[in-house]
There are 2 protein chains.
Amino acid sequence: MSKNALPGLTLCNNAMLRRAARKLGQFYDDVLAPSGLKATQQGLLYQIHIGDEPAMGAIASSLIMDLSALGHTLKPLIRDGYVETFADPDDRRIKRVRLTPRGLVKLDEVMKLWHVAQQRFEDVVGKDQATSLRAALDGIAALDFDLPPAG
Amino acid sequence: MSKNALPGLTLCNNAMLRRAARKLGQFYDDVLAPSGLKATQQGLLYQIHIGDEPAMGAIASSLIMDLSALGHTLKPLIRDGYVETFADPDDRRIKRVRLTPRGLVKLDEVMKLWHVAQQRFEDVVGKDQATSLRAALDGIAALDFDLPPAG
DNA sequence: CTCATTTAGTGGCATATACCACTATAACCG
DNA sequence: CGGTTATAGTGGTATATGCCACTAAATGAG
């Protein structure tokens, strides 16, 4: 009944990454649960907050997320009144995003919980380990897998 | 227009992990696309294949995935005839999973593409880097975040 | 044996995330 | 200026995942 009775699991970089993401996501989600937000939503609110009324495209590319996926993810936050959008006056194709006052309050609340989760994570894995892990993950996010142009 | 105009992004372990997972997922998915399978599905077929007609619970716990999530994820694979399930004769609560002949053929096909993606990843990040990354991710997956029992 | 409890999965609902086709707007070119 | 192209988002559809309430089946206590 060991947790890892199945072999071979550790071979695929992508599978391992997703697996770790599920684990960590469950942990962060648990800790954030009292706020009613998921970790993804907390992260998104935070990104919006630290940006200067960022355009959707800017957020999406920062988060390496599909633009339409961002749009979908934003919907519950808009519905719940944490976030609002408005067209850029200089380019009406661009939709900018900001927190509502209510969203600011909520962010404050959820960030307290986030600190708990973050701290607990770093207690368990070690601060330096966590830092180098994040660096490694940032490295992956920055990779370019394109084959060098043949011509 | 830098990709990372927004600051602060790199602070959250969970957010960074998800971000890297999106990036890598997109890459693996791209490479596997000709097979018609997503990387998650390839990974799942593979897990089923290397297991001995594993029970759903066993798969779920190996992958650190919610049991019901596994059930949902399995549905398209069953619908497309790659996978079938059957009740364990000794314990009818248990549902075991196996590949169909068609599933085996498909796995073969998709694994060829997987090797391409995997190889390309390791070319780009380095074999040793990849190995230690996977080890780190496995470490995260194995963490225990429970607070030590107060009693 | 019978009832309470635990275990294994299911189904519904909600969010996360991607791709595609489409629309609106801006930018560019002759 | 007018038509073509490029850019920014939207909506639909599909998979990925999680939680909860529920059912079925096995286990354990009396």
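Naming: A, B, ... by sequence-line order, numbering from 1 per chain.
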Requested in this report: Rounded to the nearest angstrom, tell me the gap between atom CG in A:Leu17 and atom C1' in D:dA16.
Outcome: 15 Å
Query raised in the report: Could you give all pairs that pass the side-chain hydrogen bond (donor to acceptor under 3.5 Å, both in side chains) test and reach residues 75-87 of chain B, with sequence neighbours left out?
Result: B:Glu84-B:Arg98
Requested in this report: Could you walk me through whether A:Ile59 and A:Leu44 pass the side-chain contact (heavy atoms from CB on, under 4.5 Å) test, one step at a time?
Outcome: CA-CA 9 Å; A:Ile59 300 171; A:Leu44 185 47; 3.9 Å; yes
Report summary line: Taken to the nearest whole Å, CD1/A:Ile94 to C1'/D:dA6 is 13 Å
Query - Gap between atoms CG and C1', on A:Leu37 and D:dG18 respectively (whole Å) - result: 16 Å
What does the list of N/O pairs under 3.5 Å between the protein and nucleotides 17-20 of chain C look like, with a distance for each?
| unit_1 | atom_1 | unit_2 | atom_2 | d |
| --- | --- | --- | --- | --- |
| C:dT17 | OP1 | B:Arg18 | NE | 3.1 |
| C:dT17 | OP1 | B:Arg18 | NH2 | 3.1 |
| C:dT17 | OP1 | B:Arg22 | NH1 | 3.0 |
| C:dA18 | OP1 | B:Gln26 | NE2 | 2.4 |
| C:dA18 | OP2 | A:Asp66 | N | 2.9 |
| C:dA18 | N6 | A:His72 | NE2 | 3.2 |
| C:dC19 | OP2 | A:Asp66 | OD1 | 3.4 |
| C:dC19 | N4 | A:Ser68 | OG | 2.1 |

Query raised in the report: Taking CG from B:Leu45 and C1' from D:dA16, how many angstroms apart are they, rounded to a whole number?
Result: 15 Å
Report task. Would you tell me if any nitrogen or oxygen in the side chain of B:Arg79 comes within less than 4.0 Å of OP1 or OP2 on D:dT15? Result -> yes
Query raised in the report: Separation of A:Phe86 atom CZ from D:dG9 atom C1', in whole Å?
Result: 15 Å
Report summary line: Residues at least two apart in sequence or cross-chain that pass side-chain hydrogen bond (donor to acceptor under 3.5 Å, both in side chains) with B:Gln26, listed by chain then number, are none
Query raised in the report: Among pairs that include at least one residue of residues 20-35 of chain B, which meet salt bridge (charged side-chain N to carboxylate O under 4.0 Å, His left out), considering only residues two or more places apart or in two chains?
Result: none
**Report entry** Protein-nucleotide distance (B:Ile78, atom CD1; C:dG9, atom C1'), rounded to Å
**Finding:** 12 Å
Report task. Assess whether atom CD of A:Gln129 is packed by more than 12 heavy atoms of other residues, nucleotides or ligands within 6.0 Å. Result -> no
Query raised in the report: What is the distance from OH of A:Tyr82 to P of C:dT15, rounded to the nearest Å?
Result: 12 Å
Query - For atom CG of A:Leu74 and atom P of D:dG11, their distance in whole Å - result: 13 Å
Query raised in the report: What is the distance from atom CZ of A:Arg134 to atom CG of B:Asn14, rounded to the nearest 0.5 Å?
Result: 12.0 Å
Query - pair B:Leu104-B:Pro101: side-chain heavy atoms closer than 4.5 Å - result: no
Requested in this report: Tell me yes or no: between the side chains of B:Tyr28 and B:Gln42, is some donor less than 3.5 Å from an acceptor?
Outcome: no
Identify all pairs in which a protein N or O lies below 3.5 Å from an N or O of nucleotides 26-29 of chain C, and state each distance.
| unit_1 | atom_1 | unit_2 | atom_2 | d |
| --- | --- | --- | --- | --- |
| C:dA26 | OP1 | A:Arg92 | N | 3.1 |
| C:dA26 | O4' | A:Arg93 | NE | 3.3 |

Report summary line: Per nearest nucleotide of DNA chain C, the residue lying toward the 5' end, A:Pro76 or B:Met56, is B:Met56
Report task. Taking side-chain hydrogen bond (donor to acceptor under 3.5 Å, both in side chains) as the test, write out the residues that go with B:Ser68, two or more places apart. Result -> B:Asp66
